[in-house]
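Keep in mind the model is a prediction, meaning the values are calculated, not measured. Naming: A, B, ... by sequence-line order, numbering from 1 per chain.
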4 protein chains.
Amino acid sequence: MSSKVKFVQGNEACVEGALYAGLEFFAGYPITPSTEIAEHLATRLPRQGGKFIQMEDEIASMCAIIGASLTGCKVMTATSGPGFSLKQEALGYAVMAEIPCVVVSVMRGGPSTGIPTHVSQGDVNQARWGTHGDHSIICMTASNNQDVFALTVEAFNLAETYRTPVILLLDEIVGHMREKLDLPEPGEVSLVGRLRTSVKEGVNYHPYLPREDGRLPMSDFGGVHRYNVTGLFHDMWGFPTDNPTAVRELLRHLVDKIEINASQICKYKEFFLEDAECVLVSYGSSARSALHLVEERRALGDKYGLLELQTLWPFPETVVREKCARAKHIVVVEMNMGQIMQQVKLAVDKPDRVYLVNRYDGVLITPHDIMNILRLIQGKGV
Amino acid sequence: MSSKVKFVQGNEACVEGALYAGLEFFAGYPITPSTEIAEHLATRLPRQGGKFIQMEDEIASMCAIIGASLTGCKVMTATSGPGFSLKQEALGYAVMAEIPCVVVSVMRGGPSTGIPTHVSQGDVNQARWGTHGDHSIICMTASNNQDVFALTVEAFNLAETYRTPVILLLDEIVGHMREKLDLPEPGEVSLVGRLRTSVKEGVNYHPYLPREDGRLPMSDFGGVHRYNVTGLFHDMWGFPTDNPTAVRELLRHLVDKIEINASQICKYKEFFLEDAECVLVSYGSSARSALHLVEERRALGDKYGLLELQTLWPFPETVVREKCARAKHIVVVEMNMGQIMQQVKLAVDKPDRVYLVNRYDGVLITPHDIMNILRLIQGKGV
Amino acid sequence: MSSKVKFVQGNEACVEGALYAGLEFFAGYPITPSTEIAEHLATRLPRQGGKFIQMEDEIASMCAIIGASLTGCKVMTATSGPGFSLKQEALGYAVMAEIPCVVVSVMRGGPSTGIPTHVSQGDVNQARWGTHGDHSIICMTASNNQDVFALTVEAFNLAETYRTPVILLLDEIVGHMREKLDLPEPGEVSLVGRLRTSVKEGVNYHPYLPREDGRLPMSDFGGVHRYNVTGLFHDMWGFPTDNPTAVRELLRHLVDKIEINASQICKYKEFFLEDAECVLVSYGSSARSALHLVEERRALGDKYGLLELQTLWPFPETVVREKCARAKHIVVVEMNMGQIMQQVKLAVDKPDRVYLVNRYDGVLITPHDIMNILRLIQGKGV
Amino acid sequence: MSSKVKFVQGNEACVEGALYAGLEFFAGYPITPSTEIAEHLATRLPRQGGKFIQMEDEIASMCAIIGASLTGCKVMTATSGPGFSLKQEALGYAVMAEIPCVVVSVMRGGPSTGIPTHVSQGDVNQARWGTHGDHSIICMTASNNQDVFALTVEAFNLAETYRTPVILLLDEIVGHMREKLDLPEPGEVSLVGRLRTSVKEGVNYHPYLPREDGRLPMSDFGGVHRYNVTGLFHDMWGFPTDNPTAVRELLRHLVDKIEINASQICKYKEFFLEDAECVLVSYGSSARSALHLVEERRALGDKYGLLELQTLWPFPETVVREKCARAKHIVVVEMNMGQIMQQVKLAVDKPDRVYLVNRYDGVLITPHDIMNILRLIQGKGV
């Protein structure tokens, strides 16, 4: 840890990001392909004065970090598809009770236990809609170790800023692939700390009364203020209510604090988009193949470009619409049956120009795979 | 109970449908607003020779019906949002292992514990995407007791036909409202029984080898054949495989057995659509208000029509596109933030003509609410 | 031959058609996969009083039928790709000298000797452009034995009507597949005989002076009239000229006699086109797979249709444009790299909607192959 | 001949180019209007140590240069339409067996023997599609002696680089017109030599295994390695195969080695295109008239421009689309019935803006002819 450059797996880059961001409490239950996150934190986190606990299951892990976050800690858990399914009910509680936490899910093939050791990007829609009821959520992803690090830090920052669970949705290739990671110095990347209330002990504290800027200062649970935290619709004191106006306003608040700030939240990278006639939209490890292809075709004079999404939810609708406005073909490259493709169709002006280039057999989609399908889309046959 | 006409709650109509369809095993855990289903079945099912068991929680209930289905029983569980979230992991197992079962979820307000005793239609997307991984699923809904009965029977038929979990997604108003139910005679509605293998004892049985028509005959677990059932990707014997071709083909099979048969599976009702210029698309209790409004406006000479969806998933894309082809305004009426509205936008030729008329404060949307918003959509102001 | 129904290969159906049409002289050189045509004619033709000769090579075969045609016989040769390449120079002579003849080419994989025993549709553009210089030509194809028979008869009729070589371009699957052939009675299908001049012996006969209807009566060479036949541009007596007006008019005549009559010449079949949103355009054996798929999808409620081309050249531009006018996707199914696809693009109003579904590895494209590529084209991914 | 500037026919410029490029073996059979090429080489080539042979016919000439090329020589043949038709079968062999050779065809009027001593550009499509089966080919042309020289050299370079026949398609006017030719010094224009294998004698040499860059090193036939050369589909040792994957990959290789490098291969000249509203597209001698007209109209202030194509195949689709993107009228000037016009239609975004200005009576199209037709196109009447 004294050297600045490391050669690590993506899961370790995530660990480095979490530690850099100030992680204080991690609870989890091992599951391939996320296990290395827990494994490395088990050693590293206590050395930095944090707590690591392996819980009896996935549900307990989620509940533990929710509790720890309420007491004032920066918290995280890590899992994969089946575990992520089990966490959905408690995740909804964190959404409703506005509890900052980072949930890493390293995707493998699904549904069910699926193919544990192979890559997939099949949990994108689950990250958005896995828990019941209308809500909004933040979900980030990355395609290389440097970005895994950066987005893990960002996930903590966003969780604290918006008092919300943030999903970091990696995939098996990104999690397990080893490549260089250049660690920034402490202070080089700015961190968002817990926003604590300035209300003094003995004075009325309204845990669910947003400030003018929409943010809700917290008070460490078990500290100087006593207050209610519930998964039911609630008023500014945290007490249950079924008053229609209160219900409506709380739901709008939960959704708007994220959707209204979408342009601040959404991160993406672009490559050769200025004059691109064929725009590839991708994310995670499939974006690596997409970029490779784009560079290859540019060398041949073809006007290909890549929009790499790093924020999946809230879906970066405006960015996608604008970047694809002049494209003749908009091609979503992903390793599932078209989950982000549907969002792209909803975002762009001409949905008929949106195509899916995909693979979902546990094998990384290659630049060659992409090109083969592109030929068909461009009407050129096999 | 000897008389053919009853005056019952929607939850009881569901019970009647399940019994008519041949339910043999129910496991559940009580949760508002679905509790009456368990309550009535606790008395009625044993009298018909079936088994009723209240399990220790929602996960156990889901697992119990999966096991019972494998032994050859027609099975069901019932729950609401939070319980439905907990069931997602086991639900994915049923999808992967192709286990027929009916899961009723009576929607209340969410996310989290939300508003237990009030109406919502906020779990539509969760029914589709709650469990991880690409998959397909069947989800039905209804707006009145007669249809609740009919669609409960249909849910069992579809579960057996396609060897898949079928979600019956009711809402609190439909579940709790009392109205007339006219019970058909036994034999009046045709039932689909378990498709059992004709392979004899001692002969090789391939549990996961589809017949030419795509269906997979089952063998009662614990009976004459020994075979493997797993949530992992598997071969025709049910044994795990990560062979890319096998993975791809199993996933395609799981999805195609439903998507390809969408036109057979999809049920809907239409009212005044022939010449409608303003097409309302709705489902569940909000469709009652929509229908009321349409009839009111027709009496005034306005060309309003209603497409009431009874199948939500697979989304009846073709029906929606065709029925909305000539509409100037396509208005989705639902009690959430626009979950079905997005699907309608994806289905129709001119997404710009799709509008959302909704409410999500726990109160039933009224014809008056709809009309107020319609005026705005039609450019007539408040 | 006394029975009306036969169970034969496509190549035999072609033989039956030629005999029915009145074939009197066949010269050829055996080449897979056309050999059965020569083989059966070697026995059958002499029995009907015709002449069969196996020449020393492909060029000689072509020259022999040209000579025989000039003497007044209905003539044919049969070959495959490499032989068809060798015949191109003499074929141009027949075009220029306006000599009725039928040239069958049963396509195998190319270029060069390629894969002699496997299917391909790679010689479509060669049939149009294989010989040098601007010209027009008639080229027919068929997908089943009954049509092979009918179109062979039609090929002879067109050759005589327009005094032109007619190419019958079959493919290996069609040539070798055995299926039922229902033979019409003599007289049931009308035949076009040689149009002979009414000019008497001793009176000036202008061999290259078209009648008002554009047709040129012939005089059996070696008979009562002496005249010149040349591959050079010529005047109405058949003597060479380089007068620009004469050159221009002869070339226009050669092209217009076919292009202007395209609507009379062009044959096609249509299946479910009235309301088709996805129009498949195909021909030969690939049209069999296309039809199978269309019927399969119609049964599922999808609006697929098939336009089966039987005339490839002159390209049935008007038919294609009209039949595809309302289609969202126009999909050319062929077993080459897109030769007819380019013509479809040139014919339709919206070339961007034209896609290619193909295969060129010597294996018949299957309905499943087509569907897999259609999914990609429709933006649905693999 | 010692002086650097010569006053020669185009056919002689071609001879100079071939000698400069390192021609070592020429086989041919005389045919107007290409005869001067053979005539001059008969004297010149032996003096440089090369071999000249007049064969018994066109087919033999083509076969001779194929054999000589395999032994390691740079080779060429020259012909015109009828001879080019005869060469098509052997040309396909050179395509399949990947044998570098240059085939000059000096176009006269066709079809058939046509008008031997007059100009035409009617063999453009034959150069692409004359031999059977899917394939790709390189075809260059030129409009003046300096370019004939340069493109002859380039033809040899491309033949060696891509192991393919290269067609040099001149026309009678260009071949016979005398004008200045400024000969470059040896070394001034870079030459591509034969890429020979570095595999030693006695070590396994795979004649058809492409290197990573797609090129296939050759071994002089009759030298240290024994290997098979065939026109059948073959594996990396050159032995026949009908394995579908091998067939598909070889065909893709044959096509892609050319199509993928289209932007490197394609040569063109542009005149006044920056702001041209009326873009003329032409090649060969007709481009001379087109350029004359463009310069004349520019002097009058009209925004005319010329795109002169030097590579006809692979068709320079990207160049044409880009250069014509802003044009109101795109006018193809050629001396045939619109062969390149069809390709331009396929390439540009708005095919409706493409017009044909042509002549096919054996007389060179004049600037005046072009202007007369342009007036009509521009709606100005005759």
Side-chain angles (χ1 to χ4, degrees), chain A residues 58-59 80-86 88-89 91-97 105 107 109-118 120 122-123 125-126 128-135 230-233 241-248 251 254-255 336-337 339 342 345-346 351 359-363, chain B residues 58-59 80-86 88-89 91-97 105 107 109-118 120 122-123 125-126 128-135 230-233 241-248 251 254-255 336-337 339 342 345-346 351 359-363:
Chain A
E58 310 279 357
I59 297 178
S80 184
F84 197 35
S85 286
L86 286 165
Q88 292 301 330
E89 198 260 340
L91 185 68
Y93 180 87
V95 168
M96 182 60 110
S105 181
M107 291 181 283
S112 197
T113 34
I115 22 170
T117 55
H118 290 70
S120 166
D123 306 346
N125 274 343
Q126 185 196 33
R128 177 67 184 89
W129 293 113
T131 198
H132 62 284
D134 283 309
H135 62 282
T230 178
L232 295 165
F233 278 91
T241 177
D242 61 4
N243 173 283
T245 305
V247 168
R248 188 184 178 287
L251 194 46
L254 292 177
V255 168
N336 58 45
M337 284 172 159
Q339 301 187 14
Q342 283 212 334
K345 271 192 185 273
L346 286 168
R359 187 160 187 170
Y360 43 77
D361 58 0
V363 180
Chain B
E58 309 280 358
I59 296 176
S80 184
F84 197 35
S85 287
L86 286 165
Q88 291 302 331
E89 198 260 340
L91 185 67
Y93 179 87
V95 167
M96 181 59 108
S105 181
M107 292 182 283
S112 198
T113 35
I115 24 170
T117 57
H118 289 69
S120 165
D123 306 346
N125 274 342
Q126 185 196 31
R128 177 69 185 87
W129 293 113
T131 199
H132 63 285
D134 284 307
H135 61 283
T230 178
L232 295 166
F233 279 90
T241 178
D242 60 3
N243 173 282
T245 305
V247 168
R248 188 184 178 286
L251 193 46
L254 294 177
V255 168
N336 59 45
M337 285 171 157
Q339 300 185 15
Q342 283 210 333
K345 271 189 185 277
L346 285 168
R359 188 160 185 169
Y360 43 78
D361 59 0
V363 179

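Looking at A:Val247 and B:Val363, their side chains never come closer than 4.5 Å, going by heavy atoms from C-beta outward. Side-chain contact between B:Pro116 and A:Asp242: absent, with no pair of heavy atoms (C-beta onward) separated by less than 4.5 Å.
Heavy-atom minimum distance, B:Gln126 versus A:Gly130: NE2-O, 3.0 Å. A:Met96 and B:Ser112 make their closest contact through CB-CB, 3.7 Å (heavy atoms, listed as atom of the first residue, atom of the second, distance). Nearest heavy-atom pair, A:Pro111 versus B:His135, reported as atom, atom and distance to 0.1 Å: CG-CB, 4.1 Å.
A donor-acceptor distance shorter than 3.5 angstrom exists from the side chain of B:Asp134 to the backbone of A:Met337, with no hydrogens or angles considered.
A distance of 6.0 Å separates CG in B:Leu251 from OH in A:Tyr360, rounded to the nearest 0.5 Å. Rounded to the nearest 0.5 angstrom, A:Arg248 CZ and B:Arg359 CZ are separated by 9.5 Å. Note that the NE2 atom of B:His132 and the OG atom of A:Ser80 stand 7.0 Å from one another [nearest 0.5 Å]. Note: A:Gln342 CD to B:Leu346 CG = 5.0 Å, rounded to the nearest 0.5 Å.
Ranked by heavy-atom pairs under 4.5 Å with chain B, the list A:Gly109, A:Gly114, A:Gly133 is led by A:Gly114. With chain B as partner, the option from A:Gly92, A:Gly362, A:Pro244 having the largest number of non-hydrogen pairs under 4.5 angstrom is A:Pro244. Counting heavy-atom pairs under 4.5 Å between each of A:Ala94, A:Ser105, A:Ser85 and chain B puts A:Ser85 at the top. Your options are A:His118, A:Gln88, A:Met107, and the one with the most heavy-atom pairs under 4.5 Å with chain B is A:His118. Highest contact tally toward chain B, considering only A:Asp123, A:Thr117, A:Val95, is held by A:Asp123 [criterion: heavy-atom pairs under 4.5 Å]. Contacts with chain A were tallied for B:Leu91, B:Leu254, B:Thr241, B:Val255; B:Val255 has the most, counting heavy-atom pairs under 4.5 Å.
Of the atoms belonging to B:Phe84, not a single heavy atom falls under 4.5 Å from chain A. For a residue to count as touching a neighbouring chain, one of its non-hydrogen atoms must lie under 4.5 Å from one of that chain's; by this rule B:Ile59 touches chain A with the side chain only. With a 4.5 Å cut-off on non-hydrogen atoms, B:Glu58 does not touch chain A at all. Using a 4.5 Å cut-off between heavy atoms, B:Thr131 touches chain A through backbone and side chain atoms alike.
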